[in-house]
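First comes the structure, then the notes that go with it.
Note: hydrogens, waters and symmetry copies are ignored here, and every other heavy atom, side chains too, is used.
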Amino acid sequence: MTPPARSVNTPGDAPSAEQISLLAPSRGRDGRSLSSAATSVMAGSRAQSSYATANAAPGSFSSQLRPFPSHDGRLRPDFDMHSIIINEDPSISTEQRQAELQDQIDKEEKIKIGSENMLEALNAKNAKQTKDQRLRVEAELNSSNKKLAQLKLGLEAEIQRAKEVKSPPADPQSRLSYLFRRNLSRSPSRHVVQKDEQEEDSETESPSLVLSDILGALETNGMQPEYYVEKANSLVDLFKRHPTLKYDLKWDIFGIRLQTMLLSDNREVVAAGYRVMRYAITDRKSLRTIRELHVDYLVILSLVKESKASVEREQALKFVRAFLDVKDGVEEMSRAVIRIIVAVAEHTDDRLRNIAILTLAEILVRKPPLLVAAGGMGTLTDALGEGNYHAAESLGTSFLYLLDTPRRRKFLRSGYELEAPFAMFTDTVPSHGHQHEEKLKANAKVIATLIRSWPGLLALCMNDFLTIRSLLMSLYIPTPHLRNVILELLFDILRIKPPSWSSSFLAGRRLTTYGRVTNLKNLPNKDPSNTDSEDRTNSWNLLEHYVSVVLAVLLHAGLVPALLHAEEDPLTLALKRKTTLLLGEVLKLANELLPPSWSASLQVLPQLLQSAAKFKTEDRFVAIGTIYQVDSVNRTLYRSGHASISSGKAIAGGDSSNSRSQTDQSKAQAGMNIDEAGFRALLVETQVLNTTNWTKWRWDLIMSIIDGPLLNPKRLDEAIKATKFVHRLLGFYRPFKLRFSEIKNTKPNQRYVRAGCALMHSLLQNPEGVRYLSDNKFIRQLAECLSHFDRMSGLTSESPIFQADRMNETLVGGYFALLGALTKEPKGIQILERWRVINMFYHVVELNDRDDLIRALVSNMDYTLDGHLRIIVSKAMTSCSKEIRIFSTRLLRKYATKSMQSSDAGCVAEWAIKLLVTQLYDPEVEVCEVAIKILEEACNQKESLEFVVRCRPALDHLGEIGAPLLLRFLSTSVGYHYLDGLDYITREMDDWFLGRNDTYVALIEASMARALADIPEKPQSQLSYDDAPDHPEYGIVPPHFYRELTRTKEGCKLLEQKGHFDNFVEVIRDSGMENDDPETILKLKGCLWAVGNVGSMELGAPFLEKSDVVKWIVKIAETSEVMSLRGTAFFVLGLVSRSLHGQEILLAYGWDGVVNEMGDALGFCLPLDFKKLFSIKPWAVNSGDMSWKRRSEVKIAVTDKNPVNARILKLATDLGNTVLAKKAANDLQAIKAKKAPGFTKPAMFRKVMDILEAHHFRLPACRFVLDLFDRQVLRQIVLEEEEEDEDESESSESDSETEHASTNGVARPSS
């Protein structure tokens, strides 16, 4: 017998030798060694190719490989060459010998490369026609590999001999180690330190030969466990390097090797066997082949083991999960195995519990009946609401997938499974402590995930919003941490981002002290000319529409009364302030997103007014204080304009930015008018006149002087001539004084760069300042520093100022920002031209190895003025590296998106657009993609769009990348006629009609899912100079061909002629109530989005009226049984409501739209009878669908003619009963002590397995009953060594057992 395995503490694929115990030799069914089987595998030609084509049948492995002459199938390296090298004539130098060896290696490398290329070409052809030729090429490749290995080994030995000793060591053992010393300079993938030199050959042999070697090695008996683990890991590495090799396996031989490993008493060997089998899986047929090896029994026995067998259990579960990675692999999963996984998932202390739950969730999505039959629904429901499973949000999405359609919904009991996360919030006995709060937060994440999907929202709103009401009623429970978690949850699901002053407000500071300042400074300073002229019909946000319906649900369920109660009964001051802030945000959202019928009654807070009007009670003071606080928060929110919806109701942001600019101008004007005495006092106070030590200067005062008094010509003249203020400031920036140029490049130190830019700007405003700056050494020294990188100047330096390390570590890069400040004025450009700086810019752009210098140069220049700088940036965009071309293209965004209505900005925008059109022909697709995105944004303005069309860009070579820009051309008559001349419109129209509509559905649903998931964006790795977001905006309606087509009268006419709209209406009318067929539902969604995009345009209203399609869309939104289809119809009705005519049509069918103060439609709508949107009929659950049908063979399995065996089966069944389990276990132990023969019979083992599959058992009970059986029983079943003279009862029941095996239970052999 084999000694028992040792315990393993650390899991892993390849345990160390210290963790592995001895393994006994493996024997076949006749007790003999398995070497004869390996010999049959190896017979034939050794050069058979392992690169089988995909057409080769899985499981076919070459049987024409002949064994190697050595006893274990290995080739030994030829050492004669090394001995000859060692004993060569000493008159020949070691350098000569190394050169000769290197020449031979180069020749063999060329032969090897040629053979590999030839083999690759032959593999692409028909395998039968090129078989002989491929064999010859493989033989030549193997010969070259062996020669290369020998030559390299000889070269290594020669190099080591030259380095260390002049002659070989005298000791034979030292001589061997000298000969086989490994080359440590090899790549990590090749550098595997092992004592056995045979591994070195396996890298250079044919994959088929290496595979046969390893299989032969695994056949060897009596080796230690680490030997088998090492060979198994080598086999896995071989499968990784040659993925097609597993298609050539001959499973009758390969399977015996795996069975022998899985039957080992050593846990690490068993784990290695599971790992090899996992990497050998190819398709569903291979899974069937593997199950025929009786691995289901082996997996079950591995999973029920104790936690100390962690490596084996982990690999067994990974092997089961590999079934899910194969197409339709879940169909081959055994119900018995899933029963055990359910038991693992229920065992709270099991370290594999989380991965078991995840596996069950994947099975729930792939094949719900199988999981229901295995009793896994209760386990997943408990994990969803217990608060301990960290991936509960992903678990919730599995339930939401089932909820969507009626066919999948029948596996859930009317959606009550989704109520599990709410139970902890509504617990009447409040708990305290950090652990309870963490569980609440975990459940809050699950609830947010459920509410962010249509199936979840509709299911939670069943029974008159009962579940949502219970959550809001939890605000009445006087538990501080519970209320805090609920408030945070409401902030989350309403997507409210607290303003910047919220933290100070929650800390107790007054709103009036910082509301006007702190938040206004954080507002983005956008060009107002862009925002006014931008076409808002290109950025429709579906996310806001979804937030509006969630807000309506919460208000309908009693959100405001619950918040007012929390206000009147505050548990802490911080909670009171948080409740006040949330209440103010809710009122603001209701005003922006909901129809007047909803928001009008909310704004007055009638409950608080009634309490405040009761003058005889003291509670009125609380109500009055609450009203004041809410009003104060509302006013601050409106004034700051934070998180205002893009609908246009909140317009405070523009007013705030205007007021800020006016404030800055007034401060500068006041600074210019300062008198002489005050100016001198300011200069003295800056400490610039008192010391040359710049660290003692007061830079805040310096900035105020530069931005104010120095703009006055008189004060500037005084600062230049009467004092040394300007002289010392410019001296600080002079490169050769090593002050500014030696400062570390940190964020606080950027103020010195800002001060320098402001100084350049102020000096350029007056002729005296221009004259002084032109004659100062500052520009002259900068020009000299740049000349070090100008090959035409002839000047060099050992340590130039602008070398790469200084650009990264110091503020040297800020010099380009100072030069950029000069380029904003014509006089500044004249100064640069005087000192030939512009010429040097031309040569800097030509540098091939200084992308950092080019990036700093082009990003800081101003291209508003026409001149050399525009030529320089165009040169960077066309002739530099790909990264610089992309970077330079991004820089044009702020110029291309300027309004073309003003003459100056229009010229700049035209120049930028022309350059961007040129970039569309760049050889790199990434550059073209950046240019397309910028042009698409510029086309938001009608004038820019028409100018782009006049440039006549050719976008055919870009394919899908250029499609969005071409769609934008359709929005104007000029663009329509341009595209019509290219025959683009009819081709694209047919393309959308025949398939692109379906693709659009996937695109918009993925965008909405990503937006609702609220995944935080990764921080940008480097500064962005173009202010453009690198990530796309999620939740925005993507461009649609039919929407752009309907923007013009010509497009509407074409749409009517083609009849596509009528076809969409017909599909909606005929298939609107479809609830099962996925293809029909997808086509229906595509037609809904097409109709919605057409109806969103004012010119599309006649199509809606004529077809009366809105009636059918409303019917889908209110009565469809497919929940995601309801959501699509709801969003489509929102698109229809974006036109005022569409709102009139919707009002006729009982839906109210939202408009702003100007009367413009915002695209939000809700039904007047709100409950219609959430009317879901409770579905009837068929008991036949919820439980596995017990077949007759399960009943036969619990009976036996032998009374002792029948007693064993009855007691095994009782182990699943918590009342009878203890007594049944004691009785089974007593029977085991009497050495009952039933525990040594394979038939009894099978029957017990049937019982475990048919009933629900805890993991310890499964482990207990399986441990009762003798170890040899499993070996007999797996290796099919059952005795011929079995009991009569076994033969009489064999038919029923075979029938049971053909179901979804454990696989059995046909014989």
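Ring geometry, F319 versus F323: the interplanar angle exceeds 60°, so the pair is classed perpendicular (tilted spans 30 to 60°).
Contact annotation: the side chain of M333 approaches that of L324 to within less than 4.5 Å [non-hydrogen atoms, C-beta and beyond]. With a 4.5 Å cut-off on side-chain heavy atoms, R339 and I300 do not count as touching. Taking the side chain as every heavy atom from C-beta outward, E108 and Q104 never approach each other to under 4.5 Å. Residues K327 and R284 form no side-chain contact, since every pair of their non-hydrogen atoms from C-beta on lies 4.5 Å or further apart. Side-chain atoms of L263 and L1279, non-hydrogen and from C-beta on, do get closer than 4.5 Å to each other. By the 4.5 Å heavy-atom criterion applied to side chains, D213 and L209 are not counted as neighbours. The closest side-chain heavy-atom distance from H242 to V210 is not below 4.5 Å. Considering only heavy atoms from C-beta on, L317 stays 4.5 Å or farther from Y274 through its side chain.
At least one donor-acceptor pair under 3.5 Å links the side chain of T289 to the backbone N or O of K285. Remark: side-chain polar atoms of R313 are not paired, donor with acceptor, to backbone N or O of L352 under 3.5 angstrom. Side-chain N or O atoms of D328 include none that pairs as donor or acceptor with a backbone N or O of E331 at under 3.5 Å. Of the possible donor and acceptor atoms, one in the side chain of S115 sits under 3.5 Å from a partner among the backbone N and O of I111. In this structure, the side chain of Y227 engages the main chain of A217 through a donor-acceptor pair within 3.5 Å. Proximity of a side-chain donor or acceptor of Y228 to a complementary backbone N or O of T220 within less than 3.5 Å is detected. In terms of modelled atom types and a separation under 3.5 Å, the side chain of R353 and the main chain of A345 share a donor-acceptor contact. Side-chain N or O atoms of Q259 include one that pairs as donor or acceptor with a backbone N or O of L293 at under 3.5 Å.
Here the straight-line distance linking atom CD of Q224 with atom CG of N266 works out to 10.5 Å at 0.5 Å rounding. We find the CG-CE distance between L235 and M277 to be 12.0 Å, quoted to the nearest 0.5 Å. Taking CD from E230 and CE from M223, the interatomic distance works out to 9.0 Å, rounded to the nearest 0.5 Å. Between L211 atom CG and K250 atom NZ the span is 13.0 Å, to the nearest 0.5 Å. The structure places CG of L258 at 8.0 Å from CD1 of I290, a figure rounded to the nearest 0.5 Å. Within the model, atoms CE of M1249 and CG of L1266 stand 5.0 Å from one another, a figure rounded to the nearest 0.5 Å.
For K240, the NZ atom counts as densely surrounded, since its 6.0 Å shell holds more than 12 non-hydrogen atoms of other residues, nucleotides or ligands.
In terms of heavy-atom proximity, Q1276 sits nearest to P1242 at OE1-CG, 3.3 Å. The minimum heavy-atom distance linking N142 with S206 is given by the pair OD1-N, 3.5 Å. Residues A271 and V311 share a closest heavy-atom pair of CB-CG1, 3.4 Å. Contact between V344 and A356 at its shortest, heavy atoms only, is CG1-CB, 4.0 Å. Of all non-hydrogen atoms in P207 and L245, the two that sit nearest each other are O-CD2, 4.0 Å. Here the closest non-hydrogen pair linking I214 and K231 is CG2-O, 3.5 Å.
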Check against side chain to side chain contact (heavy atoms under 4.5 Å, CB included), K147 and K112 = CA-CA 10 Å; K147 289 182 182 178; K112 176 187 174 183; over 6 Å; no

ask   = Going through the checks in order, is the salt bridge (charged side-chain N to carboxylate O under 4.0 Å, His left out) test met by E140 and R136?
value = CA-CA 6 Å; E140 186 66 28; R136 290 196 299 271; over 6 Å; no

ask   = Does the side chain to side chain contact (heavy atoms under 4.5 Å, CB included) test come out yes or no for E362 and V330, once each step is laid out?
value = CA-CA 9 Å; E362 293 183 29; V330 70; over 6 Å; no

task = Kindly determine whether L360 and I338 satisfy side chain to side chain contact (heavy atoms under 4.5 Å, CB included), including the steps that lead there.
result = CA-CA 8 Å; L360 295 178; I338 298 175; 4.0 Å; yes

request  = Go through L141 and N145 one step at a time and tell me if the side chain to side chain contact (heavy atoms under 4.5 Å, CB included) criterion holds.
outcome  = CA-CA 6 Å; L141 179 61; N145 285 332; 3.8 Å; yes

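Screening R278, R275, R267, E268 for a side-chain hydrogen bond (donor to acceptor under 3.5 Å, both in side chains) with Q315, the sole residue that qualifies is R278.
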